[in-house]
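Keep in mind that this is a model prediction, so the values were computed, not measured. Just the heavy atoms: all of them, side chains too, but no hydrogens, waters or symmetry mates, feed the values below.
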Amino acid sequence: MEVNLKLYTNEYEKELIADIIAFWKTHNCEPTEGDALEDLKHWTSIGHLLFLIYVDGLMCGFVHLGSRGSGIDWLEDIFVREEYRGQGIGSQAIEWIWEYIRKQGFETLYLEVVPANIEALRLYHKLGFTNLNTLTLNRSIKKKEVMGEETIQGFTFKTYRPNK
């Protein structure tokens, strides 16, 4: 199985729109085609790169990189179609991205993950994402299902399952 990434070109827009909708559905959202088109417009604007993931020549997902200041060094989103999951494609795509950004002169690749996403945490940890850089905290009026608690530097934080 050969995994390759190619910079997005608009010839695959229709197929990619369906993947963006499927991506958001995995996050318990119900996006419209218009929402997906807006994401695509944003993800292909200045400060972003969008790569399509191919396995043996067939498109099976995407990786969105972004900049939050100095350069394109954030793995913002990754999506592998359901029928391709569990085969190491996401791992290979992330390693490809790691090599790509290193060739661009960056020394660090950043990402964020929801603590309830155990599969993603396991994957990222396995791939060497073991440096804790920042915490994203939130304050919510919605009642959420508490998953657990974590103590960092003497402060206790609750972790929650995403809303469904």
Side-chain angles (χ1 to χ4, degrees), residues 3 5 16 19-32 35-36 38-40 42-53 55 60-164:
V3 175
L5 276 70
L16 186 57
D19 281 350
I20 293 171
I21 290 170
F23 167 75
W24 285 118
K25 285 183 176 183
T26 68
H27 291 78
N28 301 312
C29 299
E30 290 297 326
T32 65
D35 296 330
E38 283 298 313
D39 285 335
L40 180 57
H42 176 70
W43 294 354
T44 55
S45 66
I46 294 173
H48 298 268
L49 291 174
L50 184 60
F51 291 93
L52 303 180
I53 304 171
V55 173
C60 67
F62 63 82
V63 176
H64 165 219
L65 299 179
S67 169
R68 297 189 186 177
S70 64
I72 297 177
D73 56 357
W74 278 83
L75 195 164
E76 298 285 357
D77 305 292
I78 181 167
F79 175 76
V80 175
R81 292 178 185 163
E82 191 170 352
E83 63 268 26
Y84 289 94
R85 294 182 194 152
Q87 301 176 45
I89 295 165
S91 296
Q92 290 182 57
I94 291 169
E95 290 295 346
W96 191 99
I97 291 297
W98 173 241
E99 289 304 315
Y100 174 84
I101 68 139
R102 288 182 63 209
K103 288 177 185 172
Q104 304 305 309
F106 295 104
E107 299 174 356
T108 305
L109 179 60
Y110 300 92
L111 59 80
E112 292 178 332
V113 61
V114 175
N117 193 342
I118 302 302
E119 283 184 39
L121 282 170
R122 186 177 297 116
L123 170 66
Y124 298 143
H125 192 271
K126 179 184 90 174
L127 293 175
F129 290 87
T130 56
N131 301 324
L132 185 61
N133 188 56
T134 62
L135 298 173
T136 300
L137 305 176
N138 74 59
R139 183 176 177 183
S140 179
I141 60 172
K142 289 183 178 181
K143 185 170 175 86
K144 297 182 178 193
E145 180 184 344
V146 176
M147 197 176 120
E149 291 185 346
E150 297 293 332
T151 301
I152 299 173
Q153 298 288 350
F155 298 98
T156 301
F157 300 93
K158 293 179 177 132
T159 57
Y160 297 95
R161 296 208 182 280
N163 291 330
K164 292 188 179 192

Please test Leu5 against Leu52 for side-chain contact (heavy atoms from CB on, under 4.5 Å), starting from the C-alpha separation and ending with a verdict.
-> CA-CA 5 Å; Leu5 276 70; Leu52 303 180; over 6 Å; no
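- Checked by atom type and distance alone, the side chain of Arg85 pairs as donor or acceptor with a backbone atom of Val80 at under 3.5 Å.
- In this structure a side-chain-to-backbone donor-acceptor pair under 3.5 Å is present from Thr32 to Asp35.
- Side-chain contact between Asp77 and Val63: absent, with no pair of heavy atoms (C-beta onward) separated by less than 4.5 Å.
- One finds the CH2 atom of Trp74 at 15.5 Å from the CD1 atom of Ile97 (value rounded to the nearest 0.5 Å).
- Heavy atoms of other residues, nucleotides or ligands lying less than 6.0 angstrom from CD of Glu150 number 12 at most.
- Residues Asp73 and Tyr110 are in side-chain contact: their nearest non-hydrogen atoms beyond the backbone lie under 4.5 Å apart.
- Remark: Glu119 CD is loosely packed, at most 12 non-hydrogen atoms of other residues, nucleotides or ligands lying under 6.0 Å away.
- In this structure, CG on Leu123 lies 4.5 Å from CD1 on Ile94, to the nearest 0.5 angstrom.
- Interatomic distance, Ile101 CD1 to Leu75 CG, rounded to the nearest 0.5 Å: 9.0 Å.
- A heavy-atom distance below 4.5 Å is not found between the side chains of Met147 and Val114.
- The two atoms that bring Phe129 and Leu109 nearest to each other are CE2-O, 3.5 Å, heavy atoms only.
- Smallest separation of non-hydrogen atoms from Ile21 and Ala36: CG1-CB, 3.8 Å.
- Interatomic distance, NE2 of His125 versus CD1 of Ile118, reported as 12.5 Å (0.5 Å rounding).
- Heavy-atom minimum distance, Cys60 versus Tyr84: CB-CD1, 3.3 Å.
- The six-membered or imidazole ring of Phe23 lies near that of His27, with a centre-to-centre distance under 6.0 Å.
- Between Trp24 and Asp39, some side-chain heavy-atom pair lies under the 4.5 Å cut-off.
- Residues Phe155 and Phe157 form a side-chain contact, since some pair of their non-hydrogen atoms from C-beta on lies under 4.5 Å apart.
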Decide yes or no on side-chain contact (heavy atoms from CB on, under 4.5 Å) for Ile72 and Gln104, but give the supporting numbers first.
-> CA-CA 9 Å; Ile72 297 177; Gln104 304 305 309; over 6 Å; no
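- The shortest distance between side-chain heavy atoms of Phe62 and Ile20 falls below 4.5 Å.
- For the pair Leu65/Phe51, a side-chain contact is recorded, criterion being any heavy-atom separation below 4.5 Å from C-beta on.
- Salt-bridge check for Arg102 with Glu99: passed, with a basic side-chain N closer than 4.0 Å to an acidic carboxylate O.
- For the pair Glu76 and Arg68, the salt-bridge criterion is met [side-chain N within less than 4.0 Å of a carboxylate O].
- Shown here for Val55 and Ile89, the closest heavy-atom pair between the two residues is CG2-CD1, 3.5 Å.
- Smallest separation of non-hydrogen atoms from Ile78 and Gly90: CD1-O, 3.9 Å.
- Distance NZ/Lys126 to CG/Leu121: 13.5 Å, rounded to 0.5 Å.
- The side-chain heavy atoms of Val113 and Tyr124, taken from C-beta on, include a pair separated by under 4.5 Å.
- Under 3.5 Å, the side chains of Glu149 and Thr159 contain no donor-acceptor pair of N or O atoms.
- By the 6.0 Å contact criterion, CD on Glu95 is enclosed, its count of non-hydrogen atoms from other residues, nucleotides or ligands being greater than 12.
- Ring to ring, Trp43 and His48 are not that close: their centroids are 6.0 angstrom or more apart.
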